[in-house]
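Heads up: the structure comes next, in structure tokens.
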Amino acid sequence: MNKVSKLVSTCAVLTLLSGAAYAAELGAVDEPIKLAINEWTGQQITTRIAGQMLQAAGYKVEYVTAGYQNMWQAVSEGQIDAALEVWGSNVTEQYKQLNKEGKVEDLGELGLDAREGFAYPAHVAEMCPGLPKWEALKDCASVFATAETLPEGRLVDYPGEWGTPGADRIKALGLPFKAIPAGSEGALAAEFKASVERKTPLVAVFWQPHWAIAAYDLKFVELPEGKQQCFDDPAYGPNKDATGDCDFIPTRVFKAAWPGLKDKWPAAYEILQGLKLSTEEQQPLMGAVDVDGKSAEEVTKTWIEANSAVWKPVVEAATK
């Protein structure tokens, strides 16, 4: 994994677009814009880049640690002003209802080419013949069994505060596995690291963009195609008595905000609307934090300092 000093010198950097034809008013510059900080590194990278752009525009910024699943009431009430990396695949029903009621605003796509699913290090295919086909897990569940899960196989699920997508899928698909929630994003990455170093079996719910995809040569299990029909109609998937017996629906990653943001801080609203970040750009920055040991604040500060030609025109278009 390259060091952050090498990363920021590359030409492949964050692309930020502004749709504003005319500069907007700054608004309440004496009050901080509160940005949600959630539980995973990529989100923190995205949020701190946005925050430093807002600061360059003349705003005060406050980073508010918030649980991803339970922050939406706070966003609707303006206690948190924006959340800059929202994954449509596991956004809550509360968000959907508040958005429908106009109490939380969708600011548009972030730009990540995202994927979620059951992942395993490449060497595991030798232990479970038939991978990446999902049916192979039925026949080799015992390979993944631990003292905690015997006689079932062990599937490492997302941390509990992110929902239970692994547990839901193994139940719907009738797989003889038990889902064990990971303690955190870092704990998930540590599972893959240990598996690769010790050549032990592992399957876990994971996602891209993430530096661990390349670092540990991760592959995705080919689950039945994820479509909305799978979650609405039991007849769609292989289990005719259940919904959700399929892969994740290709997820949309977007930004969301308190609706009052556009009136209170008009220029900030335009800046955040235009924020774009690709998978190829985000993954190495995540690695600089999780592998090289840098802080998200340090990594993004270095990026901002090295790439003023990228982000400064966006800020100037919104403010001058």
Side-chain angles (χ1 to χ4, degrees), residues 13-38 42-66 68 71-88 91 95 98-99 101-112 252-278 281-282 285 296-297 299-320:
V13 294
L14 180 68
T15 303
L16 298 156
L17 304 174
S18 173
Y22 303 98
E25 296 293 330
L26 286 175
V29 293
D30 56 329
E31 298 183 45
I33 300 172
K34 299 178 289 298
L35 305 180
I37 291 287
N38 298 140
Q43 193 275 349
Q44 295 163 22
I45 293 286
T46 300
T47 303
R48 288 188 179 276
I49 286 175
Q52 291 177 64
M53 289 181 63
L54 292 175
Q55 289 173 326
Y59 291 109
K60 297 178 181 178
V61 173
E62 180 181 340
Y63 299 105
V64 180
T65 300
Y68 176 68
M71 66 181 175
W72 296 113
Q73 189 64 37
V75 175
S76 74
E77 296 172 354
Q79 298 175 40
I80 295 173
D81 299 307
L84 298 176
E85 189 174 311
V86 184
W87 287 59
V91 74
Y95 165 82
L98 290 169
N99 175 249
E101 295 172 358
K103 296 178 180 178
V104 175
E105 181 175 354
D106 186 327
L107 293 184
E109 295 189 10
L110 178 58
L112 296 179
R252 175 176 179 260
V253 183
F254 60 97
K255 303 156 290 184
W258 170 54
L261 176 69
K262 60 180 172 291
D263 295 323
K264 190 170 185 177
W265 299 288
Y269 176 80
E270 292 184 2
I271 291 169
L272 296 182
Q273 267 196 319
L275 180 66
K276 299 289 182 184
L277 180 62
S278 75
E281 292 154 353
Q282 191 195 67
L285 295 177
E297 182 177 9
V299 168
T300 53
K301 183 175 184 293
T302 302
W303 186 91
I304 287 288
E305 290 173 350
N307 294 281
S308 60
V310 176
W311 60 265
K312 190 170 287 186
V314 179
V315 172
E316 291 177 347
T319 58
K320 294 184 179 181

Check for a donor-acceptor pair, side chain of Ser76 on one end and backbone N or O of Gln73 on the other, with a separation under 3.5 Å. yes

>> Could you check whether any side-chain N or O of Gln44 sits under 3.5 Å from a backbone N or O of Asn38, counting only pairs where one atom can act as donor and the other as acceptor?
In response: yes

CD of Gln273 to CG of Leu261, rounded to nearest 0.5 Å, is 9.0 Å

All heavy atoms of Met53 vs all of Val315, minimum pair found to be O-CG2, 3.8 Å

* Asked: Does Tyr59 reach the main-chain N or O of Ala268 with its side chain, forming a donor-acceptor pair under 3.5 Å?
  -> yes

Q: Any chance you could lay out the side chain to side chain contact (heavy atoms under 4.5 Å, CB included) test for Leu277 and Leu84, step after step, and finish with the verdict?
A: CA-CA 11 Å; Leu277 180 62; Leu84 298 176; over 6 Å; no

Note: Gln52 and Tyr63 closest approach over all heavy atoms is N-OH, 3.9 Å

Note: Glu62 and Pro32 closest approach over all heavy atoms is OE1-CG, 3.8 Å

One should read off an interatomic distance between Glu297 CD and Thr302 OG1, to the nearest 0.5 angstrom, of 10.0 Å

Output for pair (Thr47 OG1, Lys255 NZ), nearest 0.5 Å, gives 11.5 Å

Of all heavy-atom pairs linking Thr300 and Ile45, the shortest is CG2-O, 3.6 Å

Here the salt bridge (charged side-chain N to carboxylate O under 4.0 Å, His left out) pairs for residues 257-266, sequence neighbours left out, are Glu31-Lys264, Glu105-Lys262

For Gln79, the side chain to side chain donor-acceptor pair (under 3.5 Å) test, sequence neighbours excluded, returns Glu77

Value for CZ (Arg48) from CD1 (Ile37), rounded to nearest 0.5 Å, stands at 5.0 Å

- request: Taking Asn99 for its side chain and Tyr95 for its backbone only, find out whether a donor-acceptor pair lies under 3.5 Å.
  value: no

| query | Counting N and O atoms only, with roles assigned by atom type, does the side chain of Asp81 sit under 3.5 Å from a partner on the main chain of Trp258, one being a donor and the other an acceptor? | reply | no

Nearest heavy-atom contact between Ile49 and Ile304 is O-CD1, 4.2 Å

Residues Ala50 and Leu272: closest non-hydrogen pair is CB-CD2, 3.9 Å

Checklist line | Side chain Tyr269, main chain Ala257, donor-acceptor under 3.5 Å | finding: no

Start with the C-alpha gap between Phe254 and Leu110, add the side-chain angles, then the distance that decides, and say whether side chain to side chain contact (heavy atoms under 4.5 Å, CB included) holds.
CA-CA 5 Å; Phe254 60 97; Leu110 178 58; 6.0 Å; no

When you compare the side chain of Val86 with that of Tyr68, does any pair of heavy atoms fall below 4.5 Å? yes

The reported gap from CG in Leu26 to CG in Leu54 (rounded to nearest 0.5 angstrom) is 10.5 Å

Exam field: side chain Gln43 to backbone Glu85, donor-acceptor pair closer than 3.5 Å:
no

Output for pair (Glu281 CD, Leu112 CG), nearest 0.5 Å, gives 9.0 Å

